[in-house]
Structures are given as C-alpha cells and as structure tokens.
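Read through the structure below, which is laid out as structure tokens, and then see the notes.
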Amino acid sequence: MSDLHIRRAGPADVGTVLRFWRGAAEGTSISDDHDGVARLISRDPEALLLAERDGRLVGTVIAGFDGWRCSAYRLAVHPDCRRQGIATALMEAAEQRFLRLGGRRVDAMVLEANERAHHTWAAGGYHREDHWRRWVKPLTG
C-alpha cells in the first residue's frame with residue numbers, strides 16, 4: 001500500500017467527500033450535506049480521514065472521539081478499489097488516532113443489512129454486540 005496516502009480532510013474536501021459517499025458509502029445520514037461535513041471538519045479537524053491514491057479519493061472514515069468514546073463512521077472504499085487493504089489502512093490510522101487521544105474501545109456504526117461490511121469489520125478484529133441497540137431522535141424536522 002505504499003502508493004496509498006492517508007490524510008485528514010480540510011474544508012476544500014467537503015464537496016469531493018459528499019460526491020464520494022454517494023457512490024461508495026452504504027445508506028445516508030442526516031448530516032450528509034455541506035454544512036454537516038464542514039461542521040465536523042471545523043469542530044474536529046483530525047476526525048475525517050481520507051485515503052488517496054494518485055490524487056484520487058479512494059476511501060474515508062470518520063474517527064470521532066468525544067473524550068469518552070471512540071466512534072468510527074463512514075468507513076467507505078470506492079467500489080473499484082475494494083479488497084486492496086484500504087479499509088484496513090484507514091482503520092489502522094483511526095485506531096492510532098484513538099490511542100493518541102487515550103481511547104480504550106472503538107464503537108463502529110455498521111448497517112445491519114450491509115453484510116459485506118460485517119465481514120470487513122470482523123476481519124479487523126471487531127465483533128457485534130447484540131445487547132445494545134441504537135436509539136435516535138432527529139433534532140430537526
């Protein structure tokens with residue numbers, strides 16, 4: 001993976017990331033808009049990690065840390081680039097970030113219906129916790 005470069009996203013990357021997610025990420029989020037991604041980058045400039053090859057975006061992960069919990073969101077790899085170690089490299093970078101910040105455990109948001117992702121996370125040493133469920137409430141109508 002020597003030709004893979006992982007870096008943090010900046011404000012100029014917002015549009016590119018949103019377009020990338022439309023083709024590479026499963027599902028959508030209420031925050032999948034310019035303001036949502038720009039707010040993430042502004043609040044935590046090291047959270048959104050980008051994987052690039054030859055200047056082209058090929059993968060993303062949001063490595064969020066609130067001081068208590070490490071959370072991984074939006075692990076996505078371009079469909080033409082899957083099974084090349086990009087997700088592994090992104091998660092290694094995310095986990096290193098979490099360790100630097102004092103994190104102890106990573107929680108990953110994974111869609112129930114995304115079976116391919118289940119295999120990816122399991123291969124990375126993650127396991128499903130069936131005794132938890134996510135409860136949500138949108139703050140905007």
Side-chain angles (χ1 to χ4, degrees), residues 1-140:
M1 297 293 341
S2 62
D3 61 338
L4 189 70
H5 174 68
I6 296 179
R7 67 173 179 88
R8 65 187 206 183
D13 296 307
V14 173
T16 301
V17 167
L18 288 168
R19 284 187 298 279
F20 177 80
W21 284 343
R22 277 190 225 106
E26 293 286 328
T28 60
S29 166
I30 196 169
S31 298
D32 283 357
D33 58 23
H34 188 277
D35 290 342
V37 177
R39 194 171 24 258
L40 168 67
I41 292 169
S42 174
R43 184 186 173 282
D44 188 351
E46 297 182 9
L48 177 52
L49 301 176
L50 308 180
E52 296 175 324
R53 181 178 287 146
D54 298 323
R56 176 179 164 231
L57 182 60
V58 294
T60 67
V61 69
I62 298 172
F65 183 65
D66 61 11
W68 176 59
R69 178 170 289 147
C70 305
S71 300
Y73 305 95
R74 284 299 195 209
L75 177 61
V77 174
H78 190 281
D80 295 339
C81 301
R82 293 182 179 152
R83 303 200 50 81
Q84 298 176 20
I86 296 168
T88 299
L90 281 163
M91 284 311 300
E92 286 174 358
E95 290 167 7
Q96 287 304 309
R97 175 177 197 252
F98 294 145
L99 288 168
R100 283 192 309 274
L101 294 170
R104 298 179 182 177
R105 181 186 78 183
V106 181
D107 291 340
M109 298 297 298
V110 183
L111 288 171
E112 196 63 29
N114 189 350
E115 298 262 339
R116 185 176 344 129
H118 299 181
H119 297 291
T120 299
W121 287 102
Y126 290 78
H127 66 276
R128 178 183 170 136
E129 286 190 335
D130 288 328
H131 60 279
W132 295 101
R133 287 291 179 258
R134 180 177 174 197
W135 292 43
V136 300
K137 175 184 175 183
L139 296 176
T140 58

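Listed by first then second residue, pairs satisfying salt bridge (charged side-chain N to carboxylate O under 4.0 Å, His left out) with a partner in residues 4-21 read R7-D13, R7-E52, R8-E46, not counting sequence neighbours.
Partners of W21 according to the side chain to side chain donor-acceptor pair (under 3.5 Å) rule, which considers only residues two or more places apart in sequence or in another chain, are T60. Shown here are the side chain to side chain donor-acceptor pair (under 3.5 Å) partners of D44, two or more places apart in sequence or in another chain: R97. Residues forming a side chain to side chain donor-acceptor pair (under 3.5 Å) with D35 (at least two apart in sequence, or on another chain): none.
Between G59 and L90, the closest heavy-atom pair is C-CD1, 3.6 Å. Between G10 and I41, the shortest heavy-atom contact is O-CD1, 3.5 Å. Here the closest heavy-atom approach between residue A47 and residue L40 is recorded as CB-CD1, 4.0 Å.
Interatomic distance, F98 CZ to R100 CZ, rounded to the nearest 0.5 Å: 10.5 Å. The distance from atom CD of E92 to atom CG of L49, rounded to the nearest 0.5 Å, is 12.5 Å. Note that the CD1 atom of I62 and the OG atom of S29 stand 7.5 Å from one another [nearest 0.5 Å].
Considering only heavy atoms from C-beta on, W121 comes within 4.5 Å of M91 through its side chain. A heavy-atom distance below 4.5 Å is found between the side chains of I86 and R53.
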Give every donor-acceptor pair under 3.5 Å between a side-chain atom in residues 74-83 and any protein atom, sequence neighbours left out.
| from | atom 1 | to | atom 2 | distance (Å) |
| --- | --- | --- | --- | --- |
| R74 | NH1 | E26 | O | 3.3 |
| R74 | NH2 | D32 | OD1 | 3.2 |
| R74 | NH2 | D32 | OD2 | 2.2 |
| H78 | ND1 | R56 | NH2 | 3.3 |
| H78 | ND1 | D80 | N | 3.0 |
| H78 | NE2 | R56 | NH2 | 3.2 |
| R82 | NE | V77 | O | 2.9 |
| R82 | NH2 | A24 | O | 2.9 |
| R82 | NH2 | V77 | O | 3.0 |

Side-chain donor-acceptor contacts of residues 63-73 below 3.5 Å, not counting sequence neighbours, with atom names and distances?
| from | atom 1 | to | atom 2 | distance (Å) |
| --- | --- | --- | --- | --- |
| D66 | OD1 | W68 | N | 2.8 |
| D66 | OD1 | R69 | N | 2.7 |
| R69 | NE | D107 | OD2 | 2.6 |

>> What verdict does the side-chain contact (heavy atoms from CB on, under 4.5 Å) test give for L4 and V58, after you've listed the backbone C-alpha separation in whole Å, the side-chain angles of each residue and the deciding distance to 0.1 Å?
In response: CA-CA 9 Å; L4 189 70; V58 294; 3.8 Å; yes
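A donor-acceptor contact shorter than 3.5 Å is absent between the side chain of H5 and the backbone of D54.
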